[in-house]
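Below is one structure, written out as structure tokens; comments come after it.
Proteins get letters first, then strands, A, B, ... in listed order; numbering begins at 1 in each.
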Number of protein chains: 2
Amino acid sequence: MQEALKSFKKYLSLNNLKLTRQRLLIFKYFMSDVGQLNPEGLLRGVQELDKTISRSTVYRTVKHLHNAGIARCIHRSDGGTCYEPMGDQSCRMICEQCGKTVPVRNPYLECLQQETARQQGFTLFRYQNTLYGLCPDCAERMGRPASPESKNDKRRF
Amino acid sequence: MQEALKSFKKYLSLNNLKLTRQRLLIFKYFMSDVGQLNPEGLLRGVQELDKTISRSTVYRTVKHLHNAGIARCIHRSDGGTCYEPMGDQSCRMICEQCGKTVPVRNPYLECLQQETARQQGFTLFRYQNTLYGLCPDCAERMGRPASPESKNDKRRF
DNA sequence: CTCAGTGCAAATGATTTGCACCAGC
DNA sequence: GCTGGTGCAAATCATTTGCACTGAG
């Protein structure tokens with residue numbers, strides 16, 4: 001958290017931005033919260049601490065957190081957007097249903113990736129592998145993905 | 001394409017849906033197009049063939065294509081939504097200097113990735129591997145070795 | 001013939017923006 | 001004190017929906 005706060009401050013000063021009470025509050029709430037939350041949830045949480053903080057400020061700030069590399073933005077399959085603190089995992093799976101993020105640990109995969117880049121003459125700085133799909137829980141809950149499952153979206157019109 | 005058309009028809013009949021002129025047209029345009037396109041692009045493309053097709057119909061149809069497992073829906077990091085025919089996965093390298101994007105093809109990597117997801121009970125829809133770094137050209141231009149030993153076995157692929 | 005499909009326009013919901021006052025640095 | 005920040009309300013943008021007519025099976 002101190003780490004992240006430092007990079008947030010750095011980002012701000014590099015961009016001529018100010019560390020306001022609101023930004024700090026949003027930052028703190030965001031970092032202390034477990035898991036992900038959407039702008040609305042962030043707003044609610046933050047307003048418990050300070051009634052006056054506006055929705056616009058939350059939206060504006062979360063964008064800065066994202067630009068600063070502190071927040072990761074997740075677009076869920078249901079169209080919702082949510083954010084979570086950036087972890088250091090560079091290989092993860094995201095459930096498109098519930099938005100859950102699961103880190104993937106496979107050293108061999110990482111190794112192979114580096115080797116692949118190297119073979120093509122690429123100097124690898126960092127990488128980001130994102131696997132999109134269904135987590136075991138959601139897969140079970142849904143029966144089967146991508147099939148005549150239109151009951152939910154079917155309606156008379 | 002015939003394959004996909006068949007499953008589209010199957011999906012429709014299984015759900016008491018009709019194969020209308022509009023749906024067929026949208027389906028065909030979607031399948032013939034290279035790469036991804038968003039609803040707006042799809043609408044534009046389809047309207048070149050038939051002025052009367054409405055935005056709503058495109059939206060409604062693309063959803064069916066998605067439910068039928070024919071279209072993959074992608075929520076981009078910029079917030080935009082786009083669709084592409086199911087099937088091709090993506091793995092690419094982005095040069096942080098010149099911005100060039102280079103596709104990476106390594107079947108083994110893809111295979112390993114799928115296997116890794118499977119092992120953790122994840123149903124994989126698609127993945128996005130992004131390697132950030134320097135392309136050979138920029139690395140050279142910057143007078144920096146691409147990587148300890150990549151100069152010698154550099155290859156275009 | 002019947003019920004689902006369509007185009008249209010209006011509605012929705014998330015996110016953004018213009019503006020006049022407010023506060024870090 | 002200068003600049004960027006904020007809250008508010010209005011604006012925007014993608015997507016959805018209600019409706020009355022049309023067309024596929």
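Between A:Arg23 and D:dT6 there is a side-chain polar atom (N or O) within less than 4.0 angstrom of OP1 or OP2.
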Protein and nucleotides 17-23 of chain C: nitrogen or oxygen contacts under 3.5 angstrom:
residue	atom	partner	partner atom	Å
C:dT17	O4	A:Ser56	OG	3.2

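In this structure, B:Gln119 places its CD atom where more than 12 heavy-atom neighbours from other residues, nucleotides or ligands lie under 6.0 Å away.
When rounded to the nearest whole Å, the span between CZ of A:Arg55 and P of D:dA10 equals 14 Å. Going from atom CD1 of A:Ile26 over to atom P of D:dT6 covers 7 Å, rounded to whole Å. Rounded to whole Å, the distance from OH on A:Tyr59 to C1' on D:dT12 is 13 Å. Atom-to-atom, CD of A:Glu40 to C1' of C:dA14 comes out at 9 Å; the value is rounded to the nearest Å. C:dC8 atom P lies 11 Å from atom CD of B:Gln22, rounded to whole Å. At whole-Å resolution of the value, CG in A:Asn15 and C1' in C:dC25 are 16 Å apart.
At least one side-chain heavy atom of A:Leu17 sits less than 4.5 Å from a side-chain heavy atom of A:Arg23.
Nearest to the side chain of A:Leu17, among D:dC8, D:dG4, D:dG25, sits D:dG4. In the set D:dG7, C:dT6, D:dG4, C:dT6 carries the atom at the smallest distance from any side-chain atom of B:Thr20. Side-chain proximity of B:Pro39 to the nucleotides D:dG4, D:dT6, D:dT15 is greatest for D:dT15.
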